[in-house]
**Student:** 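Structure provided below as structure tokens; questions to follow.
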2 protein chains.
Amino acid sequence: MQNLNAKIIRPTFLLDKAKCITNIESMLAKAQRNNTRLRPHFKTHQSAAIGAWFKERGVEDIAVSSMEMAVYFANAGWKDITLAIPINVREIDSINELASKIQLNLVVESQETIRFLQLELKHAVGVFIKVDTGYHRSGVPAEATGSICLLVDLMKESDKLDCKGFLAHTGHNYQAADQEEIHKNHSRTLLALNELKDVFRKDIPEIQVSLGDTPACSISEEFYGIDEIRPGNFVFYDIMQYVLGSCDENQIAVAMACPVIARNIDRNELVIHGGGVHFSKEYLEADDEGTKLFGSIVRITDNGWSEILGGGFLASLSQEHGIIRCSDELFDEFGIGDLIGILPVHSCMTANLMRRFMTTEGEWIETMNS
Amino acid sequence: MQNLNAKIIRPTFLLDKAKCITNIESMLAKAQRNNTRLRPHFKTHQSAAIGAWFKERGVEDIAVSSMEMAVYFANAGWKDITLAIPINVREIDSINELASKIQLNLVVESQETIRFLQLELKHAVGVFIKVDTGYHRSGVPAEATGSICLLVDLMKESDKLDCKGFLAHTGHNYQAADQEEIHKNHSRTLLALNELKDVFRKDIPEIQVSLGDTPACSISEEFYGIDEIRPGNFVFYDIMQYVLGSCDENQIAVAMACPVIARNIDRNELVIHGGGVHFSKEYLEADDEGTKLFGSIVRITDNGWSEILGGGFLASLSQEHGIIRCSDELFDEFGIGDLIGILPVHSCMTANLMRRFMTTEGEWIETMNS
């Protein structure tokens with residue numbers, strides 16, 4: 001048995017490897033059941049060591065959100081990487097270098113970018129056209145088949161642009177009021193991608209469609225016609241996903257462990273070392289009055305953490321301090337120097353800030369930011 | 001003349017060294033005018049190179065917000081460092097090691113912590129009692145002289161605990177509705193600290209009081225009885241400080257430069273590479289309807305940036321993407337691959353995430369996180 005309590009000195013990102021592996025295996029099983037490929041998004045963990053847990057289970061293709069991340073994972077041996085963000089044309093030198101080594105897939109959404117690539121690419125790349133199925137962050141509207149056709153045709157003018165198909169992100173699922181809304185959003189994305197496939201299949205027989213967001217990939221069992229799914233957060237999950245219904249509490253594979261540095265009995269508040277530079281300032285609204293919730297409380301055990309404790313939550317964050325508002329009972333439980341566990345609201349942002357993770361076995365896991 | 005545009009490839013934290021130096025010199029001059037010591041808080045920049053700009057101008061004492069930061073700056077030659085957060089007792093080994101090398105000042109607020117230090121300290125440290133003058137994050141209420149007296153007396157039992165005095169942070173200035181409220185909050189802090197000094201001066205003739213927050217230190221000219229001020233953010237400033245009235249626009253010494261990666265003409269939105277992992281998710285409310293503002297827009301020039309451009313703002317952030325909502329005019333100005341400048345809402349958080357800064361002369365500045 002480990003004694004985590006003795007190993008932790010300052011704010012620490014704890015990772016339950018067993019839960020993590022279960023999350024990976026569940027999503028992989030779901031992809032297999034639905035005859036689709038899992039191309040996990042590695043922006044959540046940014047770690048070659050965690051990437052290896054996927055590779056050991058047969059995953060060969062990944063998505064990333066920056067060129068630096070693509071280069072890092074290529075150096076870790078990944079050979080098929082989709083840079084799932086509209087390309088930054090200023091990075092053309094790195095793109096050319098990486099495209100000479102691996103199957104690099106880029107995301108485009110404008111004629112301007114395709115023309116740039118026609119002129120500047122030195123090696124072949126796969127290209128996905130980003131389509132917007134309702135999130136309205138980026139992408140060509142999925143119903144604008146005329147505009148999409150122009151992009152597809154433009155790519156044919158270059159032997160270095162291999163049009164792979166269409167890529168969508170149902171990011172509006174994060175604003176969904178309930179699971180029904182996630183199902184509706186997901187259905188619309190499925191339909192839109194399948195319709196696009198129907199339109200362009202004659203022209204490009206191998207045309208593929210890719211969708212990805214952890215809520216829909218976790219909640220739905222419907223993926224007809226989808227060639228690959230790109231969820232990322234599911235490897236860790238977090239309170240946001242728990243609230244959306246993507247996971248149950250026991251699937252959340254990460255917790256912050258933070259030391260109590262002050263206690264205020266008049267306000268029933270525990271002050272922790274752990275602030276915006278550890279958690280990020282991402283929050284959920286806890287009620288209709290705008291109360292912010294930055295994390296839920298758990299008890300750190302010898303080798304993990306307890307279920308969520310009622311009667312308290314992480315209520316505010318400054319740069320290095322956090323304030324936990326709590327019931328009398330919870331307040332009495334934690335003294336100066338004690339560790340308190342916090343399940344983060346958004347594990348991707350917290351992992352990015354923490355840069356190194358400690359497993360519940362007490363081992364350190366490095367990331368590209370370590 | 002530099003050509004910043006040609007040097008910047010991906011999201012870059014730009015630093016105008018001349019503005020930075022002016023900010024340092026203005027605050028130093030204000031401290032001197034008011035017969036108080038400037039102990040700048042280095043959590044904002046976390047950089048030995050920027051620290052050197054203070055040292056060259058005679059600054060000898062600094063504040064930091066974590067032990068790691070204290071060790072980093074001690075290694076950079078700083079000999080008098082206040083760790084301005086209630087101590088994390090789990091870090092006692094690092095505290096003992098650092099206290100053997102430099103004048104280390106700690107912050108306490110409970111008998112429990114003082115008793116712990118009595119037992120565990122191996123070297124003398126300076127100790128400030130954290131007092132709460134209205135922020136209600138941590139500290140003993142400044143009016144609770146009885147409780148404070150107990151802490152002072154308890155410290156006398158150890159020859160390693162050198163009670164230096166009282167430390168306050170008027171953090172509620174960040175929620176102030178207007179400058180008048182900042183002046184009121186600051187007056188209360190001044191009064192409270194001076195009253196404490198009066199009570200304890202007989203007992204400890206060398207008693208000192210320390211206050212620090214950028215809004216009050218920037219706006220006020222009243223610092224009677226205050227031995228040191230600990231502002232941090234003023235070295236860079238940012239949109240939050242600009243809105244509070246701490247600085248004018250030209251004093252903001254940092255801007256993010258981000259490439260445009262997509263444009264949506266139907267929504268008049270520019271998509272930039274630059275998200276929550278670059279800016280942090282800190283925001284200001286732009287209106288009464290809850291519109292969030294994550295940054296203000298400027299034009300990147302050959303050697304710096306323009307004044308704030310009307311007609312647009314950074315309206316949302318996901319992990320790597322940012323959305324700029326803009327007028328027709330602003331939209332037309334920026335094409336794919338162009339750089340757009342963004343003055344961040346909270347420069348401390350953005351600097352912490354970016355980890356390296358590029359000066360407007362095109363040179364890289366490293367930090368403890370580089």
Side-chain angles (χ1 to χ4, degrees), chain A residues 8-11 43-44 65-68 85-91 93-94 109-110 112-113 116 130 132 136-139 141 171 174 232 259-264 266-267 269 271 273 275-277 280-283 290 316 318-321 323 335-337 339 346 348-349 352-353 355 369, chain B residues 8-11 43-44 65-68 85-91 93-94 109-110 112-113 116 130 132 136-139 141 171 174 232 259-264 266-267 269 271 273 275-277 280-283 290 316 318-321 323 335-337 339 346 348-349 352-353 355 369:
Chain A
I8 293 171
I9 291 176
R10 46 178 69 97
K43 71 175 180 176
T44 302
S65 58
S66 72
M67 260 316 285
E68 287 152 303
I85 176 171
I87 80 154
N88 169 7
V89 295
R90 289 176 175 255
E91 294 185 308
D93 291 346
S94 323
E109 55 159 67
S110 70
E112 199 174 344
T113 303
F116 173 89
K130 178 73 185 284
D132 181 3
H136 304 328
R137 180 176 67 179
S138 65
Y174 286 93
V260 173
I261 57 173
R263 302 170 78 243
N264 186 291
D266 298 330
R267 294 190 296 272
E269 286 177 355
V271 183
H273 185 201
V277 296
S280 96
K281 294 242 175 162
E282 191 104 35
Y283 65 89
S316 78
S318 40
Q319 184 161 345
E320 298 265 356
H321 304 66
I323 304 278
I336 298 277
L339 288 182
H346 189 173
C348 307
M349 298 295 287
N352 177 69
L353 278 159
R355 298 158 54 180
N369 303 308
Chain B
I8 294 170
I9 290 175
R10 47 179 67 97
K43 71 176 180 175
T44 302
S65 58
S66 72
M67 261 315 286
E68 288 151 302
I85 176 170
I87 79 153
N88 169 7
V89 295
R90 290 177 174 254
E91 294 184 309
D93 291 345
S94 322
E109 55 158 65
S110 71
E112 199 174 345
T113 303
F116 174 89
K130 178 74 185 283
D132 180 4
H136 304 326
R137 181 176 65 180
S138 65
Y174 286 93
V260 173
I261 57 173
R263 303 169 78 243
N264 186 291
D266 297 330
R267 293 190 297 272
E269 286 177 356
V271 183
H273 186 202
V277 296
S280 95
K281 293 243 177 161
E282 191 105 35
Y283 65 88
S316 79
S318 40
Q319 185 162 344
E320 298 265 356
H321 305 65
I323 304 279
I336 298 279
L339 287 182
H346 189 173
C348 307
M349 298 294 288
N352 176 69
L353 279 160
R355 298 159 55 182
N369 303 308

**Student:** Enter the distance from His136(A):NE2 to Asn264(B):CG here, rounded to the nearest 0.5 Å.
**Tutor:** 9.0 Å
**Student:** Which value, rounded to the nearest 0.5 Å, describes the distance between Ile261(B) atom CD1 and Arg90(A) atom CZ?
**Tutor:** 13.0 Å
**Student:** So Ser316(B) and Arg137(A), do their side chains get closer than 4.5 Å, heavy atoms only?
**Tutor:** no
**Student:** Shorter than 4.5 Å, heavy atoms on both sides: which option in Met349(B), Glu269(B), Lys130(B), Gln319(B) has the most such pairs with chain A?
**Tutor:** Gln319(B)
**Student:** Given the options Gly139(B), Pro141(B), Ser94(B), Ala262(B), which has more heavy-atom pairs under 4.5 Å with chain A than any of the others?
**Tutor:** Ala262(B)
**Student:** Pick from Cys348(B), Pro86(B), Ser110(B), Pro259(B): which one has the most heavy-atom pairs with chain A under 4.5 Å?
**Tutor:** Pro86(B)
**Student:** Picking from Val89(B), Asp266(B), Val271(B), Ile336(B), which has the most non-hydrogen pairs under 4.5 angstrom with chain A?
**Tutor:** Ile336(B)
**Student:** Restricting to non-hydrogen atoms, name the atom on Ser138(A) and the atom on Arg267(B) that form the minimum distance, rounded to 0.1 Å.
**Tutor:** N-NH2, 4.3 Å
**Student:** So, do Asn369(B) and Arg355(A) sit near enough that their side-chain heavy atoms are less than 4.5 Å apart?
**Tutor:** yes
**Student:** At a heavy-atom distance under 4.5 Å, which candidate from Asn88(B), Ile87(B), Leu353(B), Asp132(B) has the highest pair count against chain A?
**Tutor:** Asn88(B)
**Student:** Could you have a look at His346(B), Glu109(B), Glu91(B), Met67(B) and say which one has the most heavy-atom pairs with chain A under 4.5 angstrom?
**Tutor:** Glu91(B)
**Student:** Set out, in order, the CA-CA distance, both residues' side-chain angles and the distance that settles salt bridge (charged side-chain N to carboxylate O under 4.0 Å, His left out) for Glu68(B) and Arg10(A), then state yes or no.
**Tutor:** CA-CA 10 Å; Glu68(B) 288 151 302; Arg10(A) 46 178 69 97; 3.6 Å; yes
**Student:** To the nearest 0.5 angstrom, please state how far the NE2 atom of His273(B) sits from the CD1 atom of Ile85(A).
**Tutor:** 4.5 Å
**Student:** Just how far is it from atom NZ of Lys281(A) to atom OG of Ser280(B), taken to the nearest 0.5 Å?
**Tutor:** 7.0 Å
**Student:** Between Tyr174(B) and chain A, with a heavy-atom cut-off of 4.5 Å, which part of the residue counts as in contact: side chain, backbone, both or neither?
**Tutor:** neither
